[in-house]
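Working notes for the structure below.
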Amino acid sequence: PPPKTLFPYTTLFRSLSARLEDRPGVLSGLLNSLSEQQGNILTVNQNIPVDGVAAVSVSARLPLPMAIETLRQNLLSLPGVTQVDILSTR
């Protein structure tokens with residue numbers, strides 16, 4: 001049999017950046033949405049909010065196939081999410 005791999009080729013690593021309003025529950029809403037799309041959150045980094053908005057970067061492992069633009073639009077539709085950019089897919 002073929003050797004087992006740590007990560008099957010049914011997932012992709014994605015890094016994204018977002019700008020979130022400084023309100024309770026906005027970051028958890030973003031992370032919950034990724035989880036609902038079968039995402040496994042690997043890293044989260046949130047900067048201190050400036051003028052009511054915080055920059056956030058997230059790395060996640062998401063299932064294939066996944067349309068990048070659909071993912072971005074789903075996240076942008078969340079309350080308090082003002083910007084989402086997909087930085088990398090590997």
Side-chain angles (χ1 to χ4, degrees):
K4 293 184 180 184
T5 60
L6 183 59
F7 300 113
Y9 293 110
T10 57
T11 61
L12 277 181
F13 292 95
R14 305 201 194 284
S15 295
L16 61 93
S17 69
R19 295 185 57 79
L20 309 179
E21 293 176 3
D22 182 21
R23 294 187 295 141
V26 176
L27 176 59
S28 66
L30 179 92
L31 298 176
N32 284 335
S33 179
L34 288 169
S35 177
E36 289 168 359
Q37 296 176 70
Q38 304 305 307
N40 181 24
I41 307 301
L42 303 172
T43 66
V44 178
N45 183 28
Q46 179 176 351
N47 295 336
I48 294 174
V50 175
D51 295 328
V53 178
V56 176
S57 63
V58 177
S59 296
R61 191 169 53 241
L62 293 161
L64 288 173
M66 176 165 291
I68 300 294
E69 187 57 26
T70 301
L71 170 67
R72 195 176 87 74
Q73 291 300 322
N74 288 346
L75 297 175
L76 275 173
S77 71
L78 299 171
V81 177
T82 62
Q83 181 181 342
V84 175
D85 296 304
I86 308 297
L87 303 176
S88 69
T89 58
R90 342 179 214 127

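Source: prediction; values computed, not measured.
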Answer yes or no: is there a donor N or O on one side and an acceptor on the other, between the side chain of [X] and the main chain of [Y], under 3.5 Å?
X: R72; Y: V84; value: yes
X: T82; Y: R19; value: yes
X: S33; Y: L30; value: no

task: Verify whether one side chain among S59 and S15 offers a donor that lies under 3.5 Å from an acceptor in the other.
output: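 Judged by distance alone, the side chains do pair up.
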For the residue pair [X] and [Y], what are the closest heavy atoms and their distance?
X: Q46; Y: L27; value: OE1-CD2, 3.0 Å
X: L31; Y: V44; value: CD2-CG2, 4.0 Å
X: A54; Y: N47; value: CB-O, 3.6 Å

task: Give the C-alpha distance, both sets of side-chain angles, the deciding distance and a yes or no for side-chain contact (heavy atoms from CB on, under 4.5 Å) between N40 and L42.
output: CA-CA 6 Å; N40 181 24; L42 303 172; 4.0 Å; yes
query: What is the distance from atom CD of E69 to atom CG of N74, rounded to the nearest 0.5 Å?
result: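 Those atoms lie 10.0 Å apart.
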task: Calculate, to the nearest 0.5 Å, the distance between atoms CG and CD1 belonging to N32 and I41 respectively.
output: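 Between atom CG of N32 and atom CD1 of I41 there are 9.0 Å.
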- prompt: Taking C-beta and beyond as the side chain, do L34 and L71 meet within less than 4.5 Å on heavy atoms?
  reply: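 Side-chain contact under 4.5 Å: yes.
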message: Is there a continuous path of hydrophobic side-chain contacts, each under 4.5 Å between heavy atoms, that joins L75 to V53?
response: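 Result: no, two separate clusters.
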Verdict with supporting geometry, L16 and L87, side-chain contact (heavy atoms from CB on, under 4.5 Å): CA-CA 5 Å; L16 61 93; L87 303 176; 5.5 Å; no
